[in-house]
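The structure appears below as structure tokens.
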Amino acid sequence: MMTKQDHTDIKELFASGIDHIKELQELKMALIEQKLDSIIEQTTKTNGTVRGHTDQIALLSRSLPHTVDGCPQNERIQAIWEDRVAQKGVKQWKIAVMALAVGLISSLGTIIAVFEFILKYKP
């Protein structure tokens, strides 16, 4: 059987254990707060860097004259375009001439074959 002293000792032991657990929880919370402060500090630094880059990009985009009408390379682009169109036209012309030549040669061959047939079987 337990005496009053045993009950008191057990209560003190439990109270001591609970106090120890509370102390550990407080230390854990302090560590978590410290880590969160570190994360907030790093995020603030990163956001400042990103904001600086964003500001630089915005400044550059406002200062560039690169629009469809204001591009400094418009003349060069137009020359390349005209050259490309000319090359495409020459290529299509060559294909058309070759097709016409093939058509004429095949027509001439057909006419010759018909005349040979007529001359061969003419009574």
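Atom CG of residue L24 and atom NZ of residue K22 lie 13.0 Å apart, to the nearest 0.5 angstrom. For the atom pair CD1 (I32) and CD (Q25), the distance works out to 8.5 Å, reported to the nearest 0.5 Å. We find the NZ-CD distance between K28 and E23 to be 12.5 Å, quoted to the nearest 0.5 Å. Atom OG1 of T43 sits about 10.0 Å away from atom CG of L36, to the nearest 0.5 Å. Of the inter-residue distances, the one linking L13 atom CG with I18 atom CD1 reads 10.0 Å to the nearest 0.5 angstrom. If you take CD on E26 and CD on E33, they are separated by 11.0 Å, rounding to the nearest 0.5 Å.
Within the 4.5 Å cutoff, side-chain heavy atoms of K35 are placed close to those of L31.
Cluster membership for V97 and L104, using ILVMFWY side-chain heavy atoms within less than 4.5 angstrom, is not shared.
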*Would D6 and T3 satisfy side-chain contact (heavy atoms from CB on, under 4.5 Å), going step by step from the backbone distance to the final call?*
CA-CA 5 Å; D6 290 339; T3 63; 3.4 Å; yes
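The two residues S106 and G103 come nearest to each other via the heavy atoms OG-O, 2.9 Å.
Within 6.0 Å of the CD atom in Q87, the count of heavy atoms belonging to other residues, nucleotides or ligands exceeds 12.
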